[in-house]
Colleague: 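Dropping the structure in here first, questions after.
When reading the values below, keep in mind they use all heavy atoms of this one structure, side chains included, and skip hydrogens, waters and symmetry mates. Start at 1 and go down the list; that is how both ligands and their atoms are numbered.
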Amino acid sequence: MRALGVGLIGTGYMGKCHALAWNAVAPVFGDVARPRLAMLCEVDDALAARRARELGFAGSTADWRALVTHPEVDIVSITAPNAVHAEMAIAALEAGKHVWCEKPMATSLADAEAMLTAARAAGKVAALGYNYIQNPAIRLAARLIGEGAIGPVNHVRIEMDEDFMADAQAPFSWKSAAQSGHGALDDFGVHAFSLLKVLVGEVAQVMADMAQPYPTRPLQEGGARPVETYDIATLLLRFASGASGLVALNRCAWGRKGRIFVQVFGAKGTISFDQEKMNEIELYTTEGRSDLQGFRRILTAPVHEPYDRFIPAPGHGLGFNELKIIECRELMRTIAGEPAHLIDFETGLRIERTVDAAARSFREGGWRAV
Ligand SMILES: NC(=O)c1ccc[n+]([C@@H]2O[C@H](COP(=O)([O-])OP(=O)(O)OC[C@H]3O[C@@H](n4cnc5c(N)ncnc54)[C@H](O)[C@@H]3O)[C@@H](O)[C@H]2O)c1
């Protein structure tokens, strides 16, 4: 069987992350054929050619439509801005390619639905970039919850904070334009919803508020432009299981660099995790002597699959880019028809429905069904 031919669109923050994953997946896991890095696309020919040399791709183009229809390309990594995900993913699927699209799936529910329709019609693998669920620490937390280590879950709280938009003088970028979506709720918060999906289950109802800490941002060329998105969002949740939840999202949170603080409360204990300390979880259970009860810190180690594929030593830690390598392996598993741990367009659409229900709640008030 010929090796999978990879096409990559966009080579910024996430484009480099995908390129590193495609380069590393075979040496790290040792059980898959090394993908062929066939072609890469950027906004102009010179940039595309330079990035192809740096990232190890055989060819380059400034025309993403040429990439998605190229015969050497079997799978398209979409790491361009949110507003173009739908158009690119649908074109790639219609050309008979598998798709690995960054989150958020799309910037409107209608676009996300069209993407799922295209994936079903093509019969190709269509997956989303929800890397945080791949963390061995999160997998451990999910397994413990599934095994009943903290009893039935009754409440969950996620605080997701970063400060990449915290500077009021940071220039207006695509993240502040309405075409990128709602703001913190989807550009950022969808990661929280992916974690809720694997840790707690389906969200049934949501009530939301959103806020704009800075109503305008300066333009590179001078002057200012009104901000069209919301950098802060707060959501109350009701799960199908009967559990309740709270998600607080802020991309203007000075000092917070990559915080995703998760607390899952059950009838017999609590599990907590913070992405800023991504190689550990804390577990509290009511078992044993009451005078010795307290949170136990568990560092990830080779016993926490697939940590062992990277490092044989416990407690040495994985990093953000390594989550993408794990996600890439899960994607290759899916393509090979093996069971895999991945958020596909089907589950991704459910996340988009949660986003849409939250946005409706903000506009109209009150609880909204997902
Ligand atoms: N999974 C994660 O943890 C994570 C983290 C950050 C960003 N993202 C997502 O990744 C995507 C990209 O975000 P980013 O932070 O890498 O942005 P970025 O601005 O760093 O990179 C985007 C790149 O796409 C290129 N591009 C734009 N339009 C293009 C086109 N028509 N054809 C070819 N190239 C084009 C740009 O030149 C740029 O290099 C977004 O959807 C974002 O939400 C995901």
Side-chain angles (χ1 to χ4, degrees), residues 7-21 39-52 54-55 57 59-68 70 73 76-89 91-92 99-108 111-112 115 127-135 138 160 162 164-165 170-177 179-195 229 249 251 257-260 275-276 278 319-328 330-331 342-343 348 351-352 355:
L8 173 73
I9 310 177
T11 65
Y13 170 16
M14 269 304 114
K16 183 166 185 175
C17 187
H18 276 231
L20 292 175
M39 181 171 275
L40 158 163
C41 178
E42 255 300 342
V43 285
D44 68 61
D45 285 322
L47 178 61
R50 177 165 67 78
R51 298 298 277 154
E54 290 169 0
L55 300 172
F57 281 72
S60 63
T61 177
D63 175 4
W64 66 265
R65 289 187 186 280
L67 182 146
V68 302
H70 199 281
V73 171
V76 181
S77 270
I78 300 174
T79 62
N82 307 348
V84 289
H85 289 182
E87 189 185 13
M88 290 176 175
V99 166
W100 186 17
C101 179
E102 265 313 317
K103 50 53 62 182
M105 187 170 174
T107 53
S108 73
D111 278 355
M115 289 165 80
L128 293 159
Y130 284 111
N131 24 278
Y132 294 113
I133 67 163
Q134 303 298 345
N135 188 337
I138 291 293
M160 188 165 174
E162 290 190 28
F164 63 96
M165 306 279 282
F172 192 99
S173 77
W174 62 264
K175 284 186 180 286
S176 294
Q179 70 205 41
S180 74
H182 303 285
L185 172 63
D186 47 352
D187 179 54
F188 190 51
V190 286
H191 281 301
F193 302 139
S194 73
L195 291 168
T229 54
L249 309 160
R251 53 183 194 180
K257 305 300 176 184
R259 187 169 199 249
I260 309 178
Q275 174 63 23
E276 284 184 352
M278 61 174 279
F320 176 86
N321 283 335
E322 286 162 339
L323 303 184
K324 215 37 133 186
I325 301 171
I326 301 172
E327 187 175 85
C328 188
E330 296 297 326
L331 180 64
L342 200 63
I343 293 196
I351 291 176
E352 297 301 317
V355 166

Colleague: At less than 4.0 angstrom from any non-hydrogen atom of Asp187, what atoms of ligand 1 do you find?
Modeller: 43 (O)
Colleague: Below 3.5 Å, N or O to N or O, backbone or side chain included: is there any such pair between His85 and ligand 1?
Modeller: yes
Colleague: I need the atoms of ligand 1 closer than 4.0 Å to a non-hydrogen atom of Trp174, numbered in the order shown.
Modeller: 13 (O), 17 (O), 19 (O), 40 (C)
Colleague: Can a non-hydrogen atom of Val43 be found less than 4.0 Å from any atom of ligand 1?
Modeller: yes
Colleague: Look only at interatomic distance and state if Phe320 has a nitrogen or oxygen under 3.5 Å from any nitrogen or oxygen of ligand 1.
Modeller: no
Colleague: If I compare all heavy atoms of Ile260 with all of Leu195, which pair ends up nearest, and what's the gap?
Modeller: CG2-CD1, 3.7 Å
Colleague: Using only atom types and a distance under 3.5 Å, with no angle test, would you say the side chain of His85 pairs donor to acceptor with the backbone of Pro104?
Modeller: yes
Colleague: So do Met14 and Lys324 actually touch side chain to side chain, heavy atoms under 4.5 Å?
Modeller: yes
Colleague: Taking all heavy atoms of Ser180 and all of Asp186, pick out the closest pair and write down the distance.
Modeller: O-OD2, 4.3 Å
Colleague: Please walk me through it: do Thr107 and Gln179 pass side-chain contact (heavy atoms from CB on, under 4.5 Å)?
Modeller: CA-CA 7 Å; Thr107 53; Gln179 70 205 41; over 6 Å; no
Colleague: Determine whether the side chain, the backbone, both or neither of Thr79 has a heavy atom under 4.0 Å from any heavy atom of ligand 1.
Modeller: backbone
Colleague: I'd like to know if the side chain of Thr79 reaches the main chain of Ile9, judged simply by a donor and an acceptor atom lying under 3.5 Å from each other, with no hydrogens or angles considered.
Modeller: yes
Colleague: Report the part of Glu102 in contact with ligand 1, treating N, CA, C, O as backbone and CB onward as side chain, heavy atoms under 4.0 Å; options are side chain, backbone, both, neither.
Modeller: side chain
Colleague: Taking it one step at a time, do Met115 and Cys101 satisfy side-chain contact (heavy atoms from CB on, under 4.5 Å)?
Modeller: CA-CA 11 Å; Met115 289 165 80; Cys101 179; 4.2 Å; yes
Colleague: Checking a contact table here: which protein heavy atom is nearest atom 6 (C) of ligand 1, and how many Å away?
Modeller: Tyr13 CE2, 3.3 Å
Colleague: Output the list of atoms in ligand 1 that are nearer than 4.0 Å to some heavy atom of Ile9, sorted by atom number.
Modeller: 32 (N), 33 (C)
Colleague: Look at atom 10 (O) of ligand 1 and say which protein heavy atom is nearest, naming residue and atom and giving the distance to 0.1 Å.
Modeller: Met14 CG, 3.2 Å
Colleague: If you define the side chain from C-beta out and look only at heavy atoms, does anything of Asn131 sit under 4.5 Å from His191?
Modeller: yes
Colleague: Any atoms of ligand 1 less than 4.0 Å from a non-hydrogen atom of Gly12? List them with their elements.
Modeller: 16 (O), 20 (O), 21 (O), 23 (C), 39 (O)
Colleague: Do Phe193 and Val355 come close enough that some side-chain heavy atom pair is under 4.5 Å?
Modeller: yes
Colleague: Is a side-chain donor or acceptor of Glu42 paired with a backbone partner of Arg51 at a separation under 3.5 angstrom?
Modeller: no
Colleague: Okay, side chain of Thr229, backbone of Lys175: is any donor-acceptor separation there less than 3.5 Å?
Modeller: yes
Colleague: For atom 41 (O) of ligand 1, find the nearest protein heavy atom and state the residue, atom name and distance (0.1 Å precision).
Modeller: Asn82 OD1, 2.5 Å
Colleague: Where's the contact between His191 and ligand 1, heavy-atom distance under 4.0 Å: side chain, backbone, both or neither?
Modeller: side chain
Colleague: Is the closest heavy-atom distance from Tyr130 to ligand 1 below 4.0 Å?
Modeller: no
Colleague: Would you mind listing which atoms of ligand 1 come within a distance below 4.0 Å of any non-hydrogen atom of Gly129?
Modeller: 1 (N)
Colleague: Which option out of Ala83, Cys17, Pro81 puts a heavy atom nearest to atom 28 (N) of ligand 1?
Modeller: Pro81
Colleague: Side chains of Leu20 and Ile325: closer than 4.5 Å at any heavy-atom pair?
Modeller: no
Colleague: Can you list the atoms of ligand 1 that are under 4.0 Å from a heavy atom of Asn131?
Modeller: 1 (N), 2 (C), 3 (O)
Colleague: Does some side-chain heavy atom of Asp187 sit less than 4.5 Å from a side-chain heavy atom of Arg251?
Modeller: yes
Colleague: For atom 39 (O) of ligand 1, what is the closest protein heavy atom, and at what distance to 0.1 Å?
Modeller: Glu42 OE2, 2.4 Å
Colleague: Output the list of atoms in ligand 1 that are nearer than 4.0 Å to some heavy atom of Pro104, sorted by atom number.
Modeller: 43 (O)
Colleague: Any heavy-atom pair between the side chains of Leu342 and Glu327 that's under 4.5 Å?
Modeller: yes
Colleague: Just heavy atoms, cut-off under 4.0 Å: does Met88 contact ligand 1 by side chain, backbone, both, or neither?
Modeller: side chain
Colleague: What protein heavy atom sits nearest atom 11 (C) of ligand 1, and how far off is it?
Modeller: Ala80 O, 3.5 Å
Colleague: Got the closest protein heavy atom to atom 9 (C) of ligand 1, with its distance?
Modeller: Lys103 O, 3.4 Å
Colleague: Distance to 0.1 Å, residue and atom name: give those for the protein heavy atom nearest to atom 24 (O) of ligand 1.
Modeller: Gly10 CA, 3.5 Å
